[in-house]
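The structure under discussion appears below in the form of C-alpha cells.
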Amino acid sequence: SLTKTFDAVRRRFAGKSKLTEANINEALGEVRTALLEADVNFAVCKDFLANVRERALGAEVLAGVSPGDQFIKSIHDALVELMGPEDPSIAWKKDGPTVILMAGLQGSGKTTTCGKLAFKFKNEGRKPLLVAADVQRPAAIEQLKVLGEQVGVPVHAEPGAAPPDICERAVAKAVELGADTVILDTAGRLHIDEDLMNEVSLIAEKTHPDEVFLVLDANTGQDAVHSAEEFDKTLALTGVVLTKLDSGTRGGASLSVKKVTGKPIKFIGVGEKLDKLESFHPARMADRILG
Amino acid sequence: ILPFGRDLDDELIDEMENYLYTADIGPRTVQVVMEQVRQAYKDRTIKTTDECFEHLKSILKGVMSSDKTSLVTPQQPPLVILVAGVNGSGKTTSIAKLCKYFRDRDKKVLLAAADTFRAAAVEQLTIWADRLGADIVKKQQGADPASVAFDACDAARARGVDVLIVDTAGRLHTQKNLMQELEKIRRVIGKKIEGAPHETLLILDANNGQNAIAQAQEFGKSLELTGLFLTKLDGTAKGGAVIGIRHQVDVPVKFIGIGESAEDIEEFDADAFVEALFA
Ligand SMILES: Nc1nc2c(ncn2[C@@H]2O[C@H](COP(=O)(O)OP(=O)(O)OP(=O)(O)O)[C@@H](O)[C@H]2O)c(=O)[nH]1
Ligand SMILES: Nc1nc2c(ncn2[C@@H]2O[C@H](COP(=O)(O)OP(=O)(O)OP(=O)(O)O)[C@@H](O)[C@H]2O)c(=O)[nH]1
Ligand SMILES: [Mg+2]
Ligand SMILES: [Mg+2]
C-alpha cells in the first residue's frame with residue numbers, strides 16, 4: 001500500500017536537508033510499484049512520475065518541512081490535480097429533452113447505471129425516459145424495464161429494431177411523453193469491433209447527445225486506456241462513470257483514463273441498488289489510488 | 001516488444017520487465033519472474049533477446065500449466081457445476097457456453113437460476129436454456145438462492161440429467177453476507193448430492209487488474225474452487241492477472257471465453273495463452 005511506500009520514502013529522506021536526484025529517483029521507484037499495484041497504466045505511470053520528478057527537482061525545500069514529507073505531498077497534489085476537478089454537472093438543455101448516451105465494454109454496469117441516473121434525476125424533479133437500445137443481450141430490454149418500474153419512469157423499447165433508429169424515435173417520442181431527459185442504454189461492445197463502434201457512432205449522430213458517458217468498471221487493469229481512447233475517438237466522450245468501486249479496488253484505471261482522454265469522471269457506482277451512485281471526489285480517489 | 005536477435009543487456013531486460021506490467025502481470029509476480037530471468041542472464045544461460053523470450057515463456061507456461069484442466073467425471077451423474085464470480089464477469093453467458101459444450105456431446109443439461117436478485121437474471125438464463133435445449137429450474141424473484149439449488153438437485157436426479165449447472169448472482173468478495181450466502185448454496189448442494197458440487201468455477205473477467213487476485217483468494221476461502229474460467233479474452237486485455245493468481249492459488253484455468261455467443265468457449269491451453277501474451 002502507499003502508506004507503506006510513503007513510510008519507506010520518508011525513511012529514505014530521513015536526515016537529509018534537501019531532495020537530490022539520486023534519492024528522488026529511488027523514491028519514485030517505490031511509488032511506481034505502488035501505482036502499478038493500483039492498476040495505473042504503465043505508460044501513464046511513467047509520464048506521471050516523470051512530471052513529479054521534474055517538479056520535485058525544481059522545487060524549493062520549504063522551511064520546517066522534511067524533504068520526505070514535501071515529496072509525498074507533491075505526489076499527492078499532482079494526483080489530485082490530474083484526477084480533478086470535481087464536476088458532477090449535466091449539460092441540461094434549456095429547451096427540448098437532454099439526451100445522455102451510455103457506452104462501454106460488456107458487463108461494465110451500463111444498464112444498472114442508467115437506472116441509477118433515472119432515479120437521481122427523478123429525485124431532482126426531472127422526467128427521465130429510459131431507452132432500451134440493447135437488442136442483442138438476452139433479456140436486456142426486460143432488465144431495463146424492471147429498473148424503469150422500480151424507479152417509476154417510462155421505458156422505450158422496440159425489440160428487434162436497429163439501435164440507432166430506436167434511439168432516434170425515442171428522442172422524438174420524449175416530447176410527446178413529457179420527458180425532459182432521455183437516457184440511452186446501449187449494448188456492451190468491444191472497442192475493436194468495427195461494426196459495433198460504427199453502430200454507437202450512428203446512435204450519437206442521430207440523437208445529438210448532450211452527454212456521452214463511458215461506463216468503466218473500476219476494477220479494470222492496464223487495458224482501460226485502450227478502450228477509453230477508442231470510445232473517446234469514436235464518440236467524443238463528455239464524461240466517465242466509474243462503477244463497482246465498492247469492490248475495494250484501488251481503481252488506478254481512473255487515473256489512466258483521465259490522463260489519456262482528459263474527460264472528467266463525473267460519478268461513481270458504489271453498489272448494485274438504485275441509490276448507489278455518488279459524485280466523484282478527486283481527492284478521495286487520489287487517496288484511494290495511493291493506498 | 002524486444003528487437004530480435006540482439007545481445008541482451010540490462011536495458012533490454014528492463015524493457016522486457018516493463019512489457020510484463022502492461023499485460024496486467026502485477027509487480028509482485030513480475031519481480032519473482034524477472035529475478036529468474038536476471039539470474040539466467042547472470043549465469044550466461046541466456047545471452048540474446050530470443051533466448052530471453054523463450055526463457056520467459058517457459059517460466060510462464062510452467063506457472064499456467066496444470067494436469068487438472070479437464071472437468072471431473074463424478075462416480076455417478078449428475079455432474080454438478082457451481083458457478084460464481086463478481087458482477088458482470090460473464091457467469092450467465094459462460095454457463096450458456098458450458099451448456100452448449102455438453103449439449104454438443106449429447107448430454108442432458110439442467111440449469112438452476114439461483115440468481116434471484118438481479119433484474120431479469122432469471123429471464124436471461126431462461127432464454128439460453130430455451131435456445132440450447134436445456135431444462136431450467138427457477139423460482140420467484142427474491143426467493144432464497146439456496147432453495148433454488150435445493151430444488152434443482154432434486155430435479156436433476158429425478159430427471160436423470162447428466163449435468164446440473166448452478167448460476168449465482170454477481171457479488172463482490174467484499175460483501176461478507178453475500179459470500180456467506182454462497183457458502184450456504186454450496187452446503188445445500190453438498191447435502192443433496194454426495195460429492196457435489198464436483199466443480200466450482202470462478203468466472204474471471206480478463207479486463208480485471210490486480211483486484212482479480214483478491215477475488216480468487218476470497219472466493220477460494222468461501223468455496224473450494226476447482227477451476228477458473230477466464231472471460232472476454234476476445235478483447236485487447238491479456239488477462240495477465242491470472243498469472244499472479246496461479247502463483248498464490250492452486251486452481252487451474254479450465255476454460256476461456258472468447259465472445260458473446262454460446263460457441264465462444266475454448267478449453268484452456270497454457271501454451272497458447274502464454275504465446276498470446278506476447279502477441
Ligand atoms: N457492486 C456493484 N455492482 C454493480 C455496480 N454497477 C453495476 N453493478 C452490477 O454489475 C453487473 C453488470 O451490470 P449491468 O448493468 O448489467 O452491466 P452492463 O454494462 O449493462 O452489461 P452489458 O449490457 O452486458 O454490457 C450487475 O450485476 C450489476 O448489478 C456497482 O457500482 N457496484
Ligand atoms: N466479448 C465478450 N463478452 C462476454 C464474454 N462473456 C460474457 N460476455 C458479455 O459480458 C456481459 C455480462 O455477461 P453476463 O453473463 O450477464 O455476466 P454475469 O457475470 O452473469 O453478470 P451478473 O449476473 O450481473 O453478475 C454480457 O454482455 C455478455 O455477453 C466473452 O467471453 N467475451
Ligand atoms: Mg446492459
Ligand atoms: Mg448473471
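A, B, ... follow the sequence lines: proteins, then strands. Residue 1 opens every chain. Predicted, not measured: the structure shown is a model, and the values here were computed from it.
- A:K276 NZ: 12 or fewer foreign heavy atoms inside a 6.0 Å radius.
- For A:I192, the part lying under 4.5 angstrom from a heavy atom of chain B is the side chain only.
- Contact tally against chain B (heavy-atom pairs below 4.5 Å) for A:V146, A:N219, A:T220, A:D217: the top residue is A:N219.
- Using a 4.5 Å cut-off between heavy atoms, B:E260 touches chain A through its side chain atoms alone.
- Atom-to-atom distance recorded for B:R28:CZ and A:L36:CG is 12.5 Å, nearest 0.5 angstrom.
- Residue contact with chain B, scored on non-hydrogen atoms closer than 4.5 Å, involves the backbone and the side chain of A:E142 alike.
- In this structure, the separation between CZ on B:R171 and OG on A:S247 is 15.5 Å, given to the nearest 0.5 Å.
- The 12-atom threshold is exceeded at CD of B:Q140, counting heavy atoms of other residues, nucleotides or ligands nearer than 6.0 Å.
- Chain A is approached within less than 4.5 Å, heavy atom to heavy atom, by B:E17, B:N18, B:Y21, B:T22, B:D24, B:P27 from residues 16-27 of chain B, ordered by number.
- A 4.5 Å side-chain heavy-atom check between A:Q143 and B:E123 finds every atom pair outside the cut-off.
- Among the candidates A:S227, A:A139, A:G252, A:A224, the residue making the largest number of heavy-atom pairs closer than 4.5 Å to chain B is A:A139.
- Comparing A:P138, A:G248, A:A218 by heavy-atom pairs within less than 4.5 Å of chain B, the highest count is held by A:P138.
- Around CZ of A:R284, the count of heavy atoms belonging to other residues, nucleotides or ligands within 6.0 Å does not exceed 12.
- Considering only heavy atoms from C-beta on, B:Q31 comes within 4.5 Å of A:T33 through its side chain.
- Only the side chain of A:L105 comes within less than 4.5 Å of a heavy atom in chain B; its backbone stays farther off.
- Between chain B and the residues A:K46, A:E149, A:Q136, the most heavy-atom pairs under 4.5 angstrom are made by A:Q136.
- Smallest separation of non-hydrogen atoms from B:T174 and A:D246: OG1-O, 3.0 Å.
- Chain B forms more heavy-atom pairs under 4.5 Å with one residue of A:K244, A:E272, A:H226 than with any other, namely A:E272.
- The candidate with the highest count of non-hydrogen atom pairs below 4.5 Å against chain A, out of B:A212, B:S89, B:A120, is B:A120.
- Looking at B:T236, its side chain never comes within 3.5 Å of a backbone N or O of A:D223 through a donor-acceptor pair.
- Around the NZ atom of B:K139, the shell of radius 6.0 Å holds more than 12 heavy atoms that belong to other residues, nucleotides or ligands.
- Rounding to the nearest 0.5 Å gives a distance of 6.5 Å between CZ of A:R137 and OG1 of B:T93.
- With a 4.5 Å cut-off on non-hydrogen atoms, A:N41 does not touch chain B at all.
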